[in-house]
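All values below come from the heavy atoms of this structure, side chains included, with hydrogens, waters and symmetry mates left out.
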Amino acid sequence: MSATITHPSPGWPEPRAMLTLIKPITWFPPTWAFLCGAVSSGVTLGANWPTVLLGMILAGPIVCGMSQAANDWCDRHVDAVNEPDRPIPSGRIPGRWGLWIALAMTVLSLAVGWTLGPWGFGATVVGVLAAWAYSAEPIRLKRSGWWGPGLVGLSYEGLPWFTGAAVLLAAAPRFEIIAIAGLYAFGAHGIMTLNDFKALEGDRQHGVRSLPVVLGPEVAAKIACTVMGMAQALVIALLVIWDKPWHALAVTGLLAAQIAAMRVLFRDPKGKAPWYNGTGVVLYVTGMMISAFALRGLA
């Protein structure tokens with residue numbers, strides 16, 4: 001099956017298509033993770049709400065939006081197979097406008113990150129580099145079913161969490177914050193693997209070796225869920241060690257509900273992956289905030 005990208009109008013991109021390009025639905029994970037980091041820092045949020053709000057906007061609409069624009073530009077030929085109605089392959093964003101938007105948002109990301117001080121700017125630089133390394137040649141880490149989801153999980157969950165804490169503390173977060181942020185970033189590898197299910201055909205044609213392509217949906221789903229479950233089990237263990245039994249119990253309940261949802265997923269991994277991303281992932285991110293409040297109590 002071959003696919004072509006047509007650009008029927010060489011003029012300006014459609015405003016609605018530009019919003020679609022930066023995928024608002026994807027902004028929630030990094031925005032939420034930044035807020036979790038801010039909560040876990042132990043710093044009073046009320047007195048720092050402008051900084052927290054700006055950081056959430058940077059993590060979500062700006063940096064994540066930039067990464068989506070970059071990914072759509074670099075994936076335009078894959079999307080012509082998987083999602084031909086996407087803004088670039090459909091021609092609603094014509095010519096090289098997709099690239100210009102991604103580059104402009106890269107500059108905007110760095111400019112806003114600069115206002116958040118050295119920790120905010122440093123994290124923004126890492127996030128921007130990760131976004132381009134994931135999508136663009138010659139690195140294009142998304143070709144790997146291991147490195148690609150790992151990088152996205154780190155960028156969506158671990159890095160914003162670390163940044164939210166570091167910006168408010170104006171210092172490196174303590175070990176407990178880094179450990180929990182790292183575990184939730186590790187678990188997010190599974191979320192990203194399940195997200196790859198929707199692009200099976202195009203990934204196969206264009207050499208993207210996602211786990212669903214290489215191992216098949218059934219095995220990939222089991223690996224994804226195992227990674228998510230292991231990460232949360234370690235979070236629960238740490239919360240118990242740190243004398244936060246009620247928070248540990250709450251995360252345990254959320255993990256138990258996820259395991260029930262995983263059993264449904266395993267019956268039809270390819271068909272149920274979108275459903276799981278709308279149910280199990282909500283439980284996962286709820287546990288993140290509970291863990292953030294547990295860390296706040298350790299401050």
Side-chain angles (χ1 to χ4, degrees), residues 27-49 51-53 55-56 59-60 119 153-192 194 224-266 275-299:
W27 301 347
F28 173 76
T31 302
W32 184 254
F34 186 95
L35 181 59
C36 286
V39 169
S40 69
S41 71
V43 176
T44 302
L45 299 189
N48 295 278
W49 70 264
T51 300
V52 175
L53 181 60
M56 292 170 67
W119 287 100
L154 179 66
S155 301
Y156 272 39
E157 306 293 6
L159 182 61
W161 188 315
F162 176 92
T163 308
V167 166
L168 289 192
L169 292 168
R174 62 188 185 277
F175 166 77
E176 293 88 348
I177 293 176
I178 295 174
I180 296 298
L183 285 171
Y184 276 112
F186 172 70
H189 187 292
I191 299 174
M192 298 305 123
L194 293 178
C225 291
T226 299
V227 169
M228 295 171 66
M230 286 177 55
Q232 293 171 92
L234 290 171
V235 168
I236 293 165
L238 288 177
L239 293 179
V240 171
I241 292 171
W242 295 333
D243 197 25
K244 294 294 179 181
W246 294 112
H247 296 83
L249 182 62
V251 177
T252 301
L254 292 168
L255 178 57
Q258 288 171 68
I259 292 172
M262 289 172 187
R263 296 181 64 182
V264 176
L265 172 67
F266 293 156
W275 170 82
Y276 187 87
N277 278 335
T279 53
V281 174
V282 171
L283 299 170
Y284 185 91
V285 299
T286 301
M288 288 173 57
M289 186 57 76
I290 291 172
S291 299
F293 274 101
L295 292 170
R296 186 177 185 83
L298 296 175

Sequence neighbours excluded, which residues qualify as side-chain contact (heavy atoms from CB on, under 4.5 Å) partners of [X]?
X	result
Val264	Arg267, Lys272, Trp275
Phe266	Ala221, Lys222, Cys225, Met262
Thr226	Met230
Pro29	Tyr156, Glu157

Do [X] and [Y] come within less than 4.5 Å of each other through their side chains, counting heavy atoms only?
X	Y	answer
Thr31	Leu35	no
Val285	Phe28	yes
Leu194	Val281	no

Side-chain atoms of residues 238-251: list all donor-acceptor pairs with protein atoms under 3.5 Å, sequence neighbours left out, distances to 0.1 Å.
none

Q: Grab the two heavy atoms, one from Thr44 and one from Arg296, that are nearest each other, plus how far apart they are.
A: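 Shortest heavy-atom contact: CA-NH2, 3.9 Å.
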
Q.
My understanding is that only residues two or more places apart in sequence, or in another chain, count here; which of them pass ring-ring contact (aromatic ring centres under 6.0 Å, His included) with Phe293?
A.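 ring-ring contact (aromatic ring centres under 6.0 Å, His included) check on Phe293 returns nothing, list empty.
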
**Q.** Tyr284: partners by ring-ring contact (aromatic ring centres under 6.0 Å, His included), with sequence neighbours left out
**A.**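 Tyr284 satisfies ring-ring contact (aromatic ring centres under 6.0 Å, His included) with Tyr184 only.
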
Q.
Working to the nearest 0.5 angstrom, can you tell me the gap between Glu176 CD and Leu298 CG?
A.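 Here the rounded value is 6.0 Å.
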
Q. Atom CD1 of Ile177 and atom OG of Ser291: how far apart are they, to the nearest 0.5 Å?
A.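 Ile177 atom CD1 to Ser291 atom OG measures 12.0 Å (nearest 0.5 Å).
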
N/O donor to acceptor pairs below 3.5 angstrom from side-chain atoms of residues 164-173, sequence neighbours left out:
none

